[in-house]
Amino acid sequence: MADLIKNASQQLREIIEKAIDNIVAKELVPDEALPAFNIEIPADKSHGDFAANTAMVCAKAFKMPPRKIAELICGEINLDGTLFYKFEIAGPGFINFFLGKKWFSDVVENVLDEGDNYGRTSQGTGKRILVEFVSANPTGPMHVGNARGGAIGDCLAGVLDWAGYHAEREFYINDAGNQIEKFGKSLSLRYMQVCSAEGREICANAESAEKACQAIYGEDGNSDDFPMPDDTYRGVDIIEHAKNYFDENGNNLENVSEDERKKALVEYALPKNIAGLERDLKKYRIVYDTWYKESKLHESGETMKIVEKLKETGHTYEQEGAIWFKATDFGVDKDFVLVRANGIPTYVVPDIAYHYDKLVTRGFDKAINVLGADHHGYVPRLKAALEALGVDSQKLDVVLMQMVRLLRNGEVAKLSKRSGKAITLVTLLEEIPIDAARFFFNMREANSQFEFDLDLAVEKSSQNPVYYVQYAHARLCSLISNLKSEGLVDDENANLELLDSEREIELIRHIASLPTEVNNAARTYDPAKITKYSIELATLFHRFYDGCSVKNAETDELRAARFVLCKAVRQTLRNALTILKIECPEKM
């Protein structure tokens, strides 16, 4: 897969190095080691397609002004047979280079040759990366934060795949520990409420579990006999599970022990919740390679094995019956408990075991976690434990994600219009298109706070970024189809070197940069680079369309060249949206 920008940059470096070899051989400058120099793409295209700071960084080694060095280098540059047609010295000694027409025509041909694979690179070839994201608590529905995490994590995995990595998606199910105990307690109390004489009668006639419990116990669903403590879940989903279990099995758990009742209700409700998470995420176009259960670590004994491994390293100690990890040995501000005095491990132990499994047992080269910003203090602890276990903590990278504010009519939206409850992933996707959700949540870097405008997300105008980009694709499809049906183009032997106007060149430059943007997005774990790329490509196409008529081009040859360019733009835009799993409509 060709990266024509990278190829041009490499050729330019060879041109400059050869010129320097020549001036050294002629003893015009001292024979010193060549300092590292940069070749960059100038923001102002009047400064060329590439700019080199070679003369600037050589000033100390050559003991002469940068401008003089640039003049000597330029005296030895030979562009014959290269991708470039001219160069010039700018400012105190920068050297600017301009690409020839053939390079631009090669870009267009390359896009069409590679087709659906254009933009794919080999940056990560041979490396396996596990991306873990969402991993929502299975005791309740996913919230809007999970919606952003899902879009970021899934698109990040997509970017990594396009950059040549073997990227897998994983959901870590917290089906053990305190939250499951709390889940069981909540289910048990709701079930006992439903089992009461009054509860049975009303539940039999109520149109929903929520209304049944409100009718019996009021808005908070409480009762004198079975009050709901503050440390229980109060969601409607808990009420529904309790009522559904009663409807299917009656009061068979009413007189058993509390532990037996909780166990039975959790075994009934938890698989339904997990299936619901999987179902809802599939609607969001997220399909995981693995659903990994925390309980697996406990059942296999891996959780406590990790504690034993940490003991063997000498980085633990006992205090008041508890086992502590010497996190301060690894730069963490304070030590922390691994196993409580009652013998129960803390929440961090299975997390350590889980990441040891990722990086050692399963042998991934890199593990990436997409987490809420509130986990910032947790990450150093995890990395410290991995180091103590002999694992390179640099193999674990964490993308910390800031909170989302939903806006409606310019004000913060806290409730769903439909249910009056907090907006969940499901209720969000009932209000806005999936394309808008996935695109909007990837319009900013994960570490930036984001305001999601619900009104804008459904607006069919150029103000809506995803609509704007999809409209560009539909416009391209319509243009190409119409020209074909009217028999106005013969693109088999199109002379693409006719594409030399400012708007055409600008558009081709941007097309050429997709492989570079894919690599940058993969390297920085930032799929927002691809949404920004798509918006810019749509903008450049609309600008080209308004200023460079295709159908009414000055000559048949120019029409054919612009037609081929349009096909390349459509392919590039489609590929960029495919990375994000955004649909590419042909009509709008």
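Position 1 is the first residue of the sequence; numbering continues from there.
- A cation-pi geometry, defined here as NZ or CZ lying under 6.0 Å from the six-membered ring centre and within 45° of its normal, holds between Lys182 and Tyr233.
- The aromatic ring centres of Phe336 and Tyr378 sit 6.0 Å or more apart.
- Between the side chain of Asp453 and the main chain of Asp455, a donor-acceptor pair closer than 3.5 Å is present.
- Residue-environment remark: NZ (Lys326) exceeds the threshold of 12 foreign heavy atoms within 6.0 Å.
- Cation-pi geometry between Arg13 and Phe50 is not met at under 6.0 angstrom from the ring centre and within 45 degrees of the axis.
- Under a cutoff of 6.0 Å and an axis angle of 45°, Arg128 and Phe364 form a cation-pi pair.
- Within the model, atoms CD1 of Ile423 and CZ of Arg408 stand 5.0 Å from one another, a figure rounded to the nearest 0.5 Å.
- At least one donor-acceptor pair under 3.5 Å links the side chain of Asn464 to the backbone N or O of Val466.
- Ring centers of His241 and Tyr191: at least 6.0 Å apart, outside the cut-off.
- Between Asp357 and Arg362 there is a salt bridge, since a side-chain N of the basic residue sits under 4.0 Å from a carboxylate O of the acidic one.
- You'll find the ring centres of Tyr292 and Phe171 outside the 6.0 Å limit.
- A donor-acceptor pair under 3.5 Å is formed between the side chain of Asn244 and the backbone N or O of Glu240.
- For Glu320, the CD atom counts as loosely surrounded, since its 6.0 Å shell holds 12 or fewer non-hydrogen atoms of other residues, nucleotides or ligands.
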(request) Quick one: do Tyr165 and Gln123 satisfy side chain to side chain contact (heavy atoms under 4.5 Å, CB included)? Show the steps, please. (result) CA-CA 7 Å; Tyr165 296 90; Gln123 176 174 273; 3.6 Å; yes
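- Classification of Asp435 and Arg285 as a salt-bridged pair holds, one side-chain N sitting under 4.0 Å from a carboxylate O.
- Ring pair Phe94/His47: centre-to-centre distance not below 6.0 Å.
- Geometrically, Lys272 engages Tyr268 in a cation-pi contact, judged by NZ or CZ lying under 6.0 Å from the ring centre and within 45° of the ring axis.
- A salt bridge is defined here as a Lys NZ or Arg NE, NH1 or NH2 lying under 4.0 Å from an Asp or Glu carboxylate O, and Arg261 with Glu258 meets this definition.
- For the pair Tyr245 (side chain) and Leu187 (backbone), a donor-acceptor distance under 3.5 Å is absent.
- Looking at Val348 and Phe325, their side chains never come closer than 4.5 Å, going by heavy atoms from C-beta outward.
- At a threshold of 4.5 Å between non-hydrogen side-chain atoms, the residues Pro465 and Thr531 do not count as touching.
- For Lys581, the NZ atom sits in a packed shell: over 12 heavy atoms of surrounding residues, nucleotides or ligands are nearer than 6.0 Å.
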